[in-house]
S.K.: 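First the structure, then my questions, so here it is.
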Amino acid sequence: MTNPVVAVLGTGVMGAGMVQSLRRAEVPVRMWNRNGDKARALTGTGAEAFDSPAEAVAGADVVLTMLFDVDAAIEVVRQAQAPAGTVWLQCSTVGVAGADRIAEVAEELGLVLVDCPVLGTRQPAEQGQLVMLASGPDEQREPLAPLLDAMGRRTVWAGEAGAGSRLKMACNAWLVSISVGTAQSVALARGLGVDPQLFLDAVDGGPMDTPYAKLKAGNMLAGEHPVSFGLTGATKDARLIRSALQLAGVPDLFDAAAVAVMERAIERLPDPGAVDLSALIEGFAPDGD
């Protein structure tokens, strides 16, 4: 496939960044979003916005979906009516059972499935610095390389389609553990009357230090949570991790507790859909606050 045309279906926080990275690499992009204003806002990159998935997919070589969940991905790809033989680069986080459903739909529609969730949030997506967790037919590696290289700093090929989504569960389990652990330490320091900044100072530069923990803790200390990885989306992913643990026969005690904290935060926030994962610290707030 030379100079492939990509239809990006879903131009939210992550999809918008991916469009920008593809256009920097001069990849032709056609795009659609349920909220059309979000797609039209990206036309300055040279990408074309369309009013329906089918219009966006017309003439495209690759259909890239970056949507909230498996139901949205399946609904939109059916609406797109891509011709049999089209490559479906499925980048949404859908979990293990979701990846299996995606594979069934791809087979039904005659699409060539490359399951490729990503690691990274808004800024890496905008900068082409995602990690692409690709899985699918070996013969797609070379033709898709220009697209994956445009969006990511590295591509990890995990095996047959579906392996990428399984790997994403393991990676996101680590992300959730860092986020919840950081929030607990910040909340505990406050509760014990210690400046939580001292917690960060104590681990700074040592083996327990991580850039991600510093980033999220900074939001928590400031009480500001601009969306990089939204709390509601992260909670959806944590539930997918719990299902994956159960399927694998691995005890889900830790993730179950993390989900409970995140859900408690959502209940306490006036608009949980508008805040970052770092707002999960609200789940550690004492009763009555």
Side-chain angles (χ1 to χ4, degrees), residues 1-29 31 42 45-47 61-67 87-94 99 113-179 182 205 209-216 218-219 226-230 233-234 237 276-278:
M1 187 189 303
T2 58
N3 198 27
V5 178
V6 181
V8 177
L9 306 181
T11 58
V13 171
M14 295 297 292
M18 295 163 85
V19 166
Q20 293 173 53
S21 294
L22 288 167
R23 287 302 303 142
R24 273 198 310 276
E26 300 184 349
V27 174
V29 174
M31 57 186 174
L42 295 166
T45 66
D61 303 298
V62 175
V63 176
L64 187 160
T65 48
M66 178 51 87
L67 297 155
V87 174
W88 182 8
L89 186 62
Q90 207 305 105
C91 296
S92 315
T93 300
V94 298
L113 176 63
V114 176
D115 169 52
C116 188
V118 305
L119 295 183
T121 52
R122 179 197 297 266
Q123 189 174 53
E126 293 172 348
Q127 296 175 348
Q129 293 294 303
L130 298 169
V131 176
M132 316 298 291
L133 306 179
S135 58
D138 287 344
E139 58 268 24
Q140 292 302 324
R141 294 192 183 198
E142 183 176 348
L144 287 177
L147 309 184
L148 300 178
D149 290 348
M151 295 184 287
R153 60 184 173 85
R154 184 169 78 250
T155 297
V156 177
W157 282 93
E160 296 182 358
S165 284
R166 286 160 168 78
L167 177 58
K168 178 67 184 289
M169 291 295 94
C171 294
N172 269 18
W174 173 237
L175 179 150
V176 168
S177 70
I178 295 174
S179 303
T182 299
D209 192 10
T210 69
Y212 193 80
K214 281 183 176 177
L215 176 66
K216 296 305 177 186
N219 290 352
V227 178
S228 178
F229 183 16
D237 287 1
D276 187 72
L277 170 59
S278 56

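The analysis underlying the following values was restricted to heavy atoms, covering all of them including side chains, and did not include hydrogens, waters or symmetry mates.
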S.K.: Nearest 0.5 angstrom please: Met14 CE to Leu67 CG, how far?
M.R.: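 Going from the CE atom of Met14 to the CG atom of Leu67 covers 12.5 Å.
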
S.K.: Under 3.5 Å, is there a donor-acceptor pair linking the side chains of Thr121 and Gln123?
M.R.: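 Short answer, no.
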
S.K.: If we ignore hydrogens and angles and just use 3.5 Å, is the side chain of Thr45 paired with the main-chain N or O of Ala47 as donor and acceptor?
M.R.: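 Looks like yes, one N/O pair under 3.5 Å.
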
S.K.: Cut-off 3.5 Å, side chains only: do Ser228 and Asp276 have a donor facing an acceptor?
M.R.: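 Short answer, no.
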
S.K.: What distance separates Trp88 CH2 from Cys116 SG, expressed to the nearest 0.5 Å?
M.R.: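 Nearest 0.5 Å value for the CH2-SG distance: 13.5 Å.
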
S.K.: Can Leu130 and Met18 be said to form a side chain to side chain contact (heavy atoms under 4.5 Å, CB included), step by step?
M.R.: CA-CA 9 Å; Leu130 298 169; Met18 295 163 85; 4.0 Å; yes

S.K.: Between atom CD of Gln127 and atom CZ of Arg24, what is the distance when rounded to the nearest 0.5 Å?
M.R.: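 Between Gln127 CD and Arg24 CZ, I get 7.5 Å after rounding to 0.5 Å.
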
S.K.: For Thr93 and Lys168: C-alpha separation, side-chain torsions, deciding distance, then whether side-chain hydrogen bond (donor to acceptor under 3.5 Å, both in side chains) applies.
M.R.: CA-CA 8 Å; Thr93 300; Lys168 178 67 184 289; 2.6 Å; yes

S.K.: Write out all pairs satisfying salt bridge (charged side-chain N to carboxylate O under 4.0 Å, His left out) with one or both partners inside residues 124-147, taking only residues at least two apart or from two chains.
M.R.: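 Qualifying pairs: Asp138-Arg141.
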
S.K.: Give the table of side-chain donor-acceptor pairs shorter than 3.5 Å for residues 147-157, with sequence neighbours excluded, one pair per line with atom names and distance.
M.R.:
none

S.K.: Flag the pair Leu64 / Cys91 as yes when at least one side-chain heavy-atom distance between them is below 4.5 Å, and no otherwise.
M.R.: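 Yes - at least one pair of side-chain heavy atoms lies under 4.5 Å apart.
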
S.K.: Could you walk me through whether Asp237 and Val176 pass the side chain to side chain contact (heavy atoms under 4.5 Å, CB included) test, one step at a time?
M.R.: CA-CA 9 Å; Asp237 287 1; Val176 168; 6.0 Å; no

S.K.: Can you check side chain to side chain contact (heavy atoms under 4.5 Å, CB included) on Val8 and Met66, steps first, answer last?
M.R.: CA-CA 7 Å; Val8 177; Met66 178 51 87; 5.5 Å; no

S.K.: Could you grab the distance from atom OG of Ser135 to atom CG of Leu113, nearest 0.5 Å is fine?
M.R.: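 That separation rounds to 7.0 Å.
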
S.K.: Which heavy atom of Asp61 sits nearest a heavy atom of Pro4, and at what distance?
M.R.: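 Scanning both residues completely, I find the closest heavy atoms to be OD2-CA, 3.3 Å.
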
S.K.: Can you give me the closest heavy-atom contact between Ser92 and Pro117, atom names plus distance?
M.R.: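 Shortest heavy-atom contact: O-CB, 4.1 Å.
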
S.K.: Going from CG on Leu215 to CD1 on Ile178, what distance comes out if it is rounded to the nearest 0.5 angstrom?
M.R.: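 Answer for the CG-CD1 pair, Leu215 versus Ile178, is 11.0 Å.
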
S.K.: Suppose we screen for salt bridge (Lys or Arg N to Asp or Glu O under 4.0 Å). Which residues come up paired with Arg23, at least two apart in sequence or across chains?
M.R.: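 Counting only residues at least two positions away or on another chain, Arg23 forms no salt bridge (Lys or Arg N to Asp or Glu O under 4.0 Å).
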
S.K.: Would you check if the side chain of Asp115 reaches a backbone N or O of Ala161 as a donor-acceptor pair within less than 3.5 Å?
M.R.: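 No.
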
S.K.: How close do Ala99 and Val94 get, counting heavy atoms only, and between which atoms?
M.R.: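 Smallest heavy-atom distance, with atoms named: N-CG2, 3.5 Å.
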
S.K.: Atom NZ in Lys216, atom OG in Ser179: separation rounded to 0.5 Å?
M.R.: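 With rounding to 0.5 Å, NZ (Lys216) is 6.5 Å from OG (Ser179).
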
